[in-house]
Enquirer: 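Questions regarding the structure given below will be posed in turn.
Counting starts at 1 for both ligands and their atoms, following the listed order.
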Amino acid sequence: MRTLWQHCHAATMVGGRYSIIEDAAIVTSAGLIEWIGPRTELQPVEADREVDMGGAWVTPGLIDCHTHAVFGGNRSGEFEQRLQGVSYAEIAAQGGGIASTVRATRAASEDELFASARQRVQALMRDGVTTIEVKSGYGLDLANERKMLRVARRLADELPLTVRATCLAAHALPPEYGGRADDYISHICDEMLPALADEGLVHAVDAFCEHLAFSPAQVERVFIKARELGLPVKLHAEQLSSQGGASLAARYQALSADHLEFMTEDDARAMAAAGTVAVLLPGAFYFLRETQLPPLDTLRRHGVKVALASDLNPGTSPVLSLRLMLNMGCTLFRMTPEEALAGVTVHAAAALGLSASHGVLEAGKLADFVAWQIDRPADLAYWLGGELPKRVVRKGHEISN
Ligand code: DI6
Ligand code: FE
């Protein structure tokens, strides 16, 4: 069906700028944008349907390029404990932290994980998200990592959403491998990744490079296997310390390096040369009350593309609004509203390897867009939370969340 959408302004995000079309018209058909431009330049078109957008501002559908949306259990109790002065170390010693989410995820059925993840993902969708990345990483054995990745695929099957599934088996050391990190990395490389890749459950491979997780040498073993399997990589890097993970990721042409509070200028230089996207995660920075800011000016100076994401996870970033991340990217990290919007559209698409089909409003791209009843594009980063009135269009069809 061909639809003509008009009486709107478009922030197309082409080239990572607003690239605004005032008084725009958009023609969609077969799930794609057929034409977009000034309404005065629109050639006669036989549309099955015409939609008056009421002066709305249209942006590409928002892309949340870093989430751990699938998990069992709940860790708000740890939140309370920390506010009563209990330290991370004491919580971990009590069996809390990632380990408690691993236990809850292993104990949950696929249906239970799907039901809880769907609720969280639908909250993001109500905020204009039309594409999401979902990581495994709370199963930490083949059966449970498979269970998580199957839930990610089911989210794509049952919701009007593009879902990219990332295997993060190298997220934490499972209890059965206590003290044997190298053996666990061997298990990931020799058994888990080949099986999950063969089952078509994995779009990319991620790892957590940190002194309390895995070393650059252990991460590199995972990257080598991912490359053998033809899978792109991404990395949780420099979140709590400088490990050289971001430069390692760049050496493997990673789609992205994520967190980056402690990254160096050498990391930025390497990422720029490799085209690796910097994914900043203000939710985790804020929730952990981190004080080390990611070096935004260094990233700008080296021309590294910067994306923003929720890092939705139960321990460090229980975030259910990507638009709030726009505000935090500006308020905490000093991004401009234009940079922040690029961070959840065109640059987020690049962080997922989806630049050919997602992230900007131009002919040939997926017809995923949001028509916001706002006065200016900066309003998206300006308003803290809440739900801005909007119409969400997915593959050319309006959806109600
Ligand atoms: N960095 C984080 O902040 C989360 N994972 C990671 O690699 C923590 C996940 C959790 O606490 O459940
Ligand atoms: Fe994360």
Enquirer: Output the list of atoms in ligand 1 that are nearer than 4.0 Å to some heavy atom of H259, sorted by atom number.
Expert: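 Taking each heavy atom of H259 in turn, ligand 1 has 1 (N) under 4.0 Å.
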
Enquirer: Please name the residue in the list R153, R146, R150, K147 that meets the salt bridge (Lys or Arg N to Asp or Glu O under 4.0 Å) test with E199.
Expert: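 Per the salt bridge (Lys or Arg N to Asp or Glu O under 4.0 Å) rule, the option paired with E199 is R146, out of R153, R146, R150, K147.
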
Enquirer: Do T12 and I21 come close enough that some side-chain heavy atom pair is under 4.5 Å?
Expert: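 When only atoms from C-beta onward are counted, I21 and T12 do touch, with a gap below 4.5 Å.
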
Enquirer: Short list, please: which atoms of ligand 1 are under 4.0 Å from a heavy atom of Y138?
Expert: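 The atoms of ligand 1 under 4.0 Å from a heavy atom of Y138 are 9 (C), 10 (C), 12 (O).
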
Enquirer: Just one of T131, V393, L62 clears the side chain to side chain contact (heavy atoms under 4.5 Å, CB included) bar with D368, so which one?
Expert: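 Considering T131, V393, L62, a side chain to side chain contact (heavy atoms under 4.5 Å, CB included) with D368 is found only for T131.
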
Enquirer: The Fe ion (ligand 2) and H259: any N/O/S contact shorter than 2.8 Å?
Expert: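 Checking H259: none of its N, O or S atoms is under 2.8 Å.
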
Enquirer: Between W57 and H9, what is the ring plane arrangement, given parallel below 30°, perpendicular above 60°, and tilted in between?
Expert: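 Tilted: the ring planes of W57 and H9 meet at 30° to 60°.
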
Enquirer: Out of the N/O/S atoms in D311, what is the name of the one closest to the Fe ion (ligand 2)?
Expert: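 This residue's closest N, O or S atom turns out to be OD1.
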
Enquirer: Any ion pair linking E34 and R2 (charged N to carboxylate O, less than 4.0 Å)?
Expert: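 Yes, this pair counts.
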
Enquirer: Measure R75 to ligand 1 on non-hydrogen atoms and call it side chain, backbone, both or neither using the 4.0 Å cut-off.
Expert: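 The answer is the side chain.
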
Enquirer: Report, in ascending order of atom number, the atoms of ligand 1 lying under 4.0 Å from any heavy atom of T316.
Expert: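 In order of numbering, the contacting atoms are 2 (C), 3 (O), 4 (C), 8 (C), 11 (O).
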
Enquirer: For ligand 1, is there an N or O atom under 3.5 Å from any N or O atom of H171?
Expert: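 It does: an N or O of H171 is found under 3.5 Å from an N or O of ligand 1.
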
Enquirer: Can you see whether W5 has R391 sitting over its ring - NZ or CZ less than 6.0 Å from the centre and within 45° of the normal?
Expert: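 Here R391 fails the 6.0 Å and 45° test against W5.
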
